Amino acid sequence: MRGGRLSIAAAATGLLVPVSSALAQSQGVEILTVQAAGDGAETWSVSLQVLVFMTALSLLPALLITMTSFTRILIVLAILRQGLGTQQTPSNQLLVGIALFLSCFVMAPVGERIYADAVEPYLESRIDAPAALGAAAEPLREFMLAHTREADLALFASLAGREPLDGSGEAVPFSLLLPAFVTSELKTAFQIGFMLLIPFLVIDLVVASVLMSMGMVMLSPLIISLPFKIMLFVLVDGWSLVMTTLAGSFYV
């Protein structure tokens, strides 16, 4: 019965799509059109611009993760939680929220440039949509190039069969810059995470050695070391140090 309802709904949808298209054409409504202007530029219809905008919105989560500081910050916070040994405290939602708003702080200068160079001129009809996209991509390109290792760029350039790049903004396409940037961010995040784990590892080793010397082999060292790690982290004002280190790593 349920399969019959689905087939009826699919048939009705298939009938409505051509009917609506024919109705729109009969009334002279332009759905998706691209008109060539006199100066060689292209003018997109409003429907096509809305379609492109909605597609861009669906890609925003992937862009947020791969083209901003979000990746580095989230990985470092996750490693910090693992080093503290607090299981699910802070929760995943809280870590993502912290990473999101700290990323907004780090990316604020880039966002201001994008608004001034692309969004504002486009809203004032001084530039068209393709020009606005190009202007918005330039600040992101500069940010990503500033935090991408040359070795990673050379690696992906060799994988793509391209000649070695000189690292200039015009010579590096986004198809190479994006994976190289993500790789560099992963390396940097794990380097910072390694430095964060060393004090907690020392505490775990000391507690485990003391318990072994006392013959308490059945008692988990993690239960005893957890309060000491939390106390140490609070005494040194760990959250401020971590946030300062993460934000400062993008301004060096």
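In this text, all values refer to a predicted model and were calculated from it rather than measured experimentally.
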Would you tabulate the side-chain donor-acceptor contacts of residues 99-114 under 3.5 Å, counting partners in other chains and residues two or more places apart, or write 'none'?
| residue | atom | partner | partner atom | Å |
| --- | --- | --- | --- | --- |
| S103 | OG | F70 | N | 3.4 |
| S103 | OG | A99 | O | 2.6 |
| R113 | NH1 | E142 | OE1 | 2.6 |

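- Between F233 and V242 there is a side-chain heavy-atom pair separated by less than 4.5 Å.
- Not counting sequence neighbours, the partners of I98 by the side-chain contact (heavy atoms from CB on, under 4.5 Å) test are L77, L94, M243.
- Looking at D152 and S184, their side chains do bring a donor and an acceptor atom within 3.5 Å of each other.
- Partners of L235 according to the side-chain contact (heavy atoms from CB on, under 4.5 Å) rule, which considers only residues two or more places apart in sequence or in another chain, are M231.
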E138 and D117: CA distance, side-chain angles, deciding distance, side-chain contact (heavy atoms from CB on, under 4.5 Å) verdict: CA-CA 9 Å; E138 191 60 31; D117 298 342; over 6 Å; no
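- Using a 4.5 Å cut-off on side-chain heavy atoms (C-beta onward), F194 and I79 make no contact.
- No donor-acceptor pair closer than 3.5 Å links the side chain of T244 to the backbone N or O of L241.
- Annotation: the span from L246 atom CG to R72 atom CZ amounts to 8.0 Å, rounded to 0.5 Å.
- I192 and I73 fall within the same hydrophobic cluster, defined by Ile, Leu, Val, Met, Phe, Trp and Tyr side-chain heavy atoms under 4.5 Å apart, directly or through other members.
- E120 meets the salt bridge (Lys or Arg N to Asp or Glu O under 4.0 Å) test with no other residue; sequence neighbours excluded.
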L145/L153 under side-chain contact (heavy atoms from CB on, under 4.5 Å): CA gap, chis, key distance, verdict: CA-CA 9 Å; L145 278 173; L153 279 175; 4.1 Å; yes
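- F200 is linked by a ring pair (Phe, Tyr, Trp, His ring centres under 6.0 Å) to nothing, counting only residues two or more places apart in sequence or in another chain.
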Exercise answer: donor-acceptor pairs, residues 208-218 side-chain atoms, under 3.5 Å, sequence neighbours excluded:
| residue | atom | partner | partner atom | Å |
| --- | --- | --- | --- | --- |
| S209 | OG | L205 | O | 2.8 |
| S213 | OG | S209 | O | 3.3 |
| S213 | OG | V210 | O | 2.7 |

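- Remark: the backbone N or O of G83 is paired with a side-chain donor or acceptor of K229 at under 3.5 angstrom.
- Contact record, D204 with S225: OD1-OG, 2.9 Å, taken as the closest heavy-atom pair.
- Between F156 and L159 the shortest side-chain heavy-atom distance falls below 4.5 Å.
- Using a 4.5 Å heavy-atom cutoff, the side chains of F228 and V206 are not in contact.
- The structure places CD of E185 at 7.5 Å from NE2 of H147, a figure rounded to the nearest 0.5 Å.
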Working for side-chain contact (heavy atoms from CB on, under 4.5 Å), residues F181 and T66: CA-CA 8 Å; F181 173 74; T66 57; over 6 Å; no
